[in-house]
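The block underneath contains the structure these notes are about, expressed in structure tokens.
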2 protein chains.
Amino acid sequence: MIIIASRKEVAQLAGVSEATVSRVLNGVGPIKEETRLRVLEAADRLGYTPSALARSFARRRSGNLGVVMPYLPKARIFSAYYFSEILSGIGSKALESKYDLLMLFREPGGSMDYMNLFRTQKVDACIILGARDDGGERQAIQQLSEGNHPYCLINQYFEGEAFHVMDADHVDGSYQAVRHLTEQGFRKIAFLNGPSQYSNSRDRLKGYAQALNEAGIALDESLLFEGNFSRKSGYAAAELIARQLDRIEAVFAANDRMAIGLQQGLRALGISEERMPAFVGYDDSEAAELCTPPLTSVRVPFYELGCLAAAHVLHRLDASDSEDESEMNAVLHRQLSTRLVIRASSLHRN
Amino acid sequence: MIIIASRKEVAQLAGVSEATVSRVLNGVGPIKEETRLRVLEAADRLGYTPSALARSFARRRSGNLGVVMPYLPKARIFSAYYFSEILSGIGSKALESKYDLLMLFREPGGSMDYMNLFRTQKVDACIILGARDDGGERQAIQQLSEGNHPYCLINQYFEGEAFHVMDADHVDGSYQAVRHLTEQGFRKIAFLNGPSQYSNSRDRLKGYAQALNEAGIALDESLLFEGNFSRKSGYAAAELIARQLDRIEAVFAANDRMAIGLQQGLRALGISEERMPAFVGYDDSEAAELCTPPLTSVRVPFYELGCLAAAHVLHRLDASDSEDESEMNAVLHRQLSTRLVIRASSLHRN
DNA sequence: GCAATTTATGTACGCGCGTACATTTTCTCA
DNA sequence: TGAGAAAATGTACGCGCGTACATAAATTGC
């Protein structure tokens, strides 16, 4: 077993005080070059590296950027394109800033006491994914805001609250998607949306309604369906949709997974390709270009959302160091633009 | 701004010493029920939660389970099925054991001083993904072993080293894949492998050779190609493969991404579906069943690999607490079995 | 050459908790 | 009822670092 040297031994070996060792290693204060070299050599010889833990404790900074993920029992959450891309974005920024990523999973219960993350100093900043709009969540985030902690929501906002949010324009994305369908001449357009606790679901509904309205089509409530973003829920929706397939020419789904699941479900129910409706998905995941027919989908810059959210919280962290009031008080609410990517699934068959 | 109470105030409010507060909160030692309640109430009123940071420092345990990931500039590493699934497995186990997941990325340079993670107490245990067999890596892991730290490699072993490894049987997986092809009557079988610094690449070559040998087919070096597991590298390999397509009836690829990339590349080169070789991929990712034709692939229990690796290091952590020598000295090297999943891509066209 | 600076280093303490050990209180049983 | 044991609590210190402040050494200015 290797013995772990600590600052004391380094100081002793270098013939200086512990404070000097500390100063050399942190590049703080004036140090005589000769002393500096002696300390560095001693540290090197002893294989000394300061304990990040002790350092964090003394500085009262964990050095961690928390990422809150939804609780999913075995749902292989990382596999979802949505999370994967966002995480990659966050990770790349954290790496740049020498922050470590701490992954935090919501408890089965549902919401989470975000304040505790800061109170217990597990994280210096945090990014919240998959938040739903319910009372507990709202309150938890209000506390973060009041405590002026560096946090940022991704892809979710709360009506009437000035929370830090990095979002994409899902009203427009959905509008583009549905307008594309109406332009093709489709008029009976079903919508397989996600749960309405997500602001992006509500936004999508707005875009859907807007496009229909513009095309002079009345919104038919019976053409609205709801899934939970999983492929399974799309598959399950197939049954409901198959039942009134004569009234449906096209389906807009709130993500690719549901669109693909729905398609598979319809096939499993024996719906022939001729009777198959047109499809538009959402997210423009890798699956969209692999499936048959390739799925028209709305591209969302998830990676960028992750990058920007991370940059934002890290920036606020800096600002709180320098006590820059103006920086601290500016609440972020940004929407990146989305873009329809047209593939075969939504094109009118001649 | 909310003032953060600490143990002292709680003690004061409850009229006890700080030690008693600590004992109550940790459930240590005998405490009079009345005192217990008084302390809990005081803590509650002050909104006190012990600092995880200070606690970690005092206990000399970070409470973090490190996960080392390959460095990827913008390669959206989480999106790879391989990593996603493994991470989900690790995450689920960590959650059970109240450990937090700390994501660590290799530096651009290449290998990493794993010892430092422990020396600086960033993690109590760690799991290493995507390690390559080179000198630096080998040495870094040797140090971990000698230091008797709880670590585990996933899907990579080092010849001649007794490292803790959670692997899958890629010799057999590849053997199954290629035998399936020979059984179909294919005899000219190309192999698009991954880089040979990965033990799984070398294992796959063994399985490939074994299956060919069993079928009485001589191994033809000119049918061996190499990619780096990315779709792009599969796409690039299409050019080489197209050139000698008359000598190739089937292709076995070391992962699905390359198989799909290769297929796309061949199509882009104008290869007609009739001339298209049969394909077998590896990993059995979601893409395998979405692409056209559905891709025959080898299922690898990535999720389980993650679970088991996490369980292993956490168990060793416990063992090191109780100083259970026998537990500590048992080196793990386990191979989970793999299984061929047959789909249309590899079936002989009549 | 000596005081006033500036530079370089040492001393001492706190960060918030866990816990060994000392002390006090309560209980047990003769 | 009193001594000894058991239960309950308090006291004191260390974990390894950062850093304010004190001090010593080198430099400057006259």
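Quick caveat: nothing in here was measured; it's all calculated off a predicted structure. Scope of the values below: all heavy atoms of this structure, side chains included, with no hydrogens, waters or symmetry mates.
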Task: Residues within residues 116-123 of chain B bordering DNA chain C, heavy-atom distance below 4.0 Å - done: none

Open item on the list: If you apply the rule side-chain contact (heavy atoms from CB on, under 4.5 Å), what do you find for D124(A) with N64(A), and how did you get there?
Closed with: CA-CA 6 Å; D124(A) 298 334; N64(A) 293 334; 5.8 Å; no

Task: Gap between atom CD of Q121(A) and atom OG of S56(B) - 0.5 Å precision - done: 10.0 Å

Open item on the list: For a 4.0 angstrom threshold against heavy atoms of chain B, report the outermost contacting nucleotides of DNA chain C in 5' to 3' order.
Closed with: dG16(C) to dA20(C)

Open item on the list: Under 4.0 Å, counting only non-hydrogen atoms across every strand here, what does R59(A) touch: a base, just sugar-phosphate, or nothing?
Closed with: sugar-phosphate

Return all side-chain donor-acceptor pairs below 3.5 angstrom for residues 97-104 of chain B, not counting sequence neighbours, or 'none' if the list is empty.
residue: S97(B); atom: OG; partner: K93(B); partner atom: O; Å: 3.4
residue: D100(B); atom: OD2; partner: K122(A); partner atom: NZ; Å: 2.5

Task: Backbone of S51(A) reached by a side-chain donor or acceptor of T120(B) within 3.5 Å - done: no

Task: Result of checking H149(A), E137(A), Q143(A), Q139(A) against Y114(A) for side-chain hydrogen bond (donor to acceptor under 3.5 Å, both in side chains) - done: E137(A)

Open item on the list: In terms of relative ring orientation, are F163(B) and F158(B) parallel, tilted or perpendicular, with 30° and 60° separating the classes?
Closed with: perpendicular

TODO: Determine the interplanar angle of the H164(B) and H312(B) rings, folded into 0 to 90°, and report it as parallel if under 30°, tilted if 30 to 60°, perpendicular if over 60°.
DONE: tilted

TODO: Just call it for R7(A): base, sugar-phosphate, or nothing, with non-hydrogen atoms closer than 4.0 Å on any strand.
DONE: base

TODO: Describe, as an angle rounded to 10 degrees, how the axis at the first end of the helix from dG1(C)-dC30(D) to dA30(C)-dT1(D) is tilted relative to the axis at the last end, five pairs per end.
DONE: 30°

Open item on the list: Treating D113(B) as the side-chain partner and M115(B) as the backbone partner, does any N or O pair qualify as donor plus acceptor under 3.5 Å?
Closed with: yes

Open item on the list: Without decimals, in angstroms, what is the distance between K32(B) NZ and dA6(D) C1'?
Closed with: 14 Å

TODO: Check DNA chain C against residues 13-31 of chain B and give the residues with a non-hydrogen atom under 4.0 Å, in numerical order.
DONE: A19(B), S22(B), R23(B), N26(B)

- [ ] Could you check K8(B) against E18(B) for salt bridge (Lys or Arg N to Asp or Glu O under 4.0 Å), going step by step and ending with a plain yes or no?
- [x] CA-CA 6 Å; K8(B) 199 202 287 194; E18(B) 285 190 54; 5.9 Å; no

- [ ] Can you spot which of L25(A), T35(A), V21(A) makes a side chain to side chain contact (heavy atoms under 4.5 Å, CB included) with L40(A)?
- [x] L25(A)

TODO: Give a yes/no on whether any side-chain N or O of T35(B) is located under 4.0 angstrom from OP1 or OP2 of dT9(D).
DONE: yes

- [ ] Give every residue pair that meets the ring-ring contact (aromatic ring centres under 6.0 Å, His included) criterion with at least one member in residues 122-143 of chain A, sequence neighbours excluded.
- [x] none

Open item on the list: Could you tell me how far apart R36(B) (CZ) and dA7(D) (P) are, to the nearest whole angstrom?
Closed with: 17 Å

Open item on the list: Assess, by modelled atom type and distance only, whether the side chains of Y82(A) and N155(A) contain a donor and an acceptor separated by less than 3.5 Å.
Closed with: yes

Open item on the list: Could you check whether any side-chain N or O of T20(A) sits under 3.5 Å from a backbone N or O of V16(A), counting only pairs where one atom can act as donor and the other as acceptor?
Closed with: no

